[in-house]
Amino acid sequence: MPPRIVEVRRNVLAKNDALAARLRARFAEAGVCVVGLVSSPGAGKTALLSETLRRLGARARVAALVGDLATDNDAVRLRTSGAPVRQITTGTVCHLDAAMVEQALEGWDLTSLDFLFIENVGNLVCPASYDLGEDLRVVLLSVAEGEDKPLKYPVIFHGADLALITKADLAEACGYDEALARRELDAVRPGLEVLRVSAKSGDGLPAWLARLGGAAAEKRAAAPV
Ligand SMILES: Nc1nc2c(ncn2[C@@H]2O[C@H](COP(=O)(O)OP(=O)(O)O)[C@@H](O)[C@H]2O)c(=O)[nH]1
Ligand SMILES: [Mg+2]
């Protein structure tokens, strides 16, 4: 890449990092636990989020932002949970950035929330470079995508705190080799925590919800008194 393009790209990312740090401070002050979801298109982010909002919403105050290039289909799907949801449409942009999140939060009282979920644009490449100020970044990998995606798209796994193997109900039909997938995840990001879930059958959702509860408790414990 010519030096000028590299320089512009570096400046864009530095600006995003500064804005994400500001968002992280704002989230900490409001005491809201922010969870980002990233994956390729169709890995099951919205289906999982829909179940998460419905189940967690029974005992905590939850809300979501959802990013796509076009349509508000996912926001419409997610609102059936009863949670407040805002759609971000990015036009031609292949990821969310901190400025889009900040703008989408305008007028939203964050102190009225326990959890804010951010569903990123479906893409295993671009979102990796853009911090959104999340407390927990979760990468989803469906059994239908094959076991080798961590080897092919390592950067998104480097930046994740947790990996979810999704659509577990389809594992057998897809000939999914979970032991191989876990070995490859561990090769790319040693020690990365992995949970297996199915939004359809509900398998693994209690462990996922418990993990979210743990992240919120950690955040409360770290909050200044
Ligand atoms: N069998 C099965 N299908 C799922 C599951 N989660 C999502 N899907 C389906 O996979 C497709 C894509 O899911 P969606 O949540 O829109 O993925 P997103 O693009 O990552 O938000 C939809 O047809 C969902 O019904 C699951 O756990 N099991
Ligand atoms: Mg979606």
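For ligands, and for the atoms within them, numbers begin at 1 and follow the listed sequence. Since the model is a prediction, treat every value here as computed from it, not as a measurement.
- Within a 4.0 Å radius of atom 12 (C) of ligand 1, the protein contributes at least one heavy atom.
- Within the 4.0 angstrom cut-off, atom 23 (O) of ligand 1 has no protein heavy-atom neighbours.
- Metal site remark for the Mg ion (ligand 2): D68 contributes no N, O or S atom at a distance under 2.8 Å.
- When only non-hydrogen protein atoms are considered, atom 1 (N) of ligand 1 lies nearest to D169 OD2, 2.8 Å.
- Of all non-hydrogen atoms in V62 and P84, the two that sit nearest each other are O-CD, 3.3 Å.
- Of all atoms in ligand 1, numbered sequentially from 1 with element shown, those under 4.0 Å from a heavy atom of E119 are 21 (O).
- The Mg ion (ligand 2) lies at the vertex of an angle of 90° between the OG1 atom of T46 and the OE2 atom of E119 (rounded to 10°).
- Salt-bridge check for R182 with E147: failed, with every basic side-chain N at 4.0 Å or more from each acidic carboxylate O.
- Among heteroatoms of the N, O or S kind in D74, OD2 lies nearest the Mg ion (ligand 2).
- A donor-acceptor contact shorter than 3.5 Å is absent between the side chain of K152 and the backbone of D148.
- Heavy atoms of E51 found under 4.0 angstrom from ligand 1: none, in either backbone or side chain.
- Shortest contact from atom 7 (C) of ligand 1 to any protein heavy atom: A47 CB, 3.4 Å.
- Under the 30°/60° scheme for interplanar angles, the aromatic rings of H95 and Y130 are found to lie parallel.
- At a distance under 4.0 Å, a protein heavy atom can be found next to atom 5 (C) of ligand 1.
- The option with the heavy atom closest to atom 17 (O) of ligand 1, from among S198, S40, G44, is G44.
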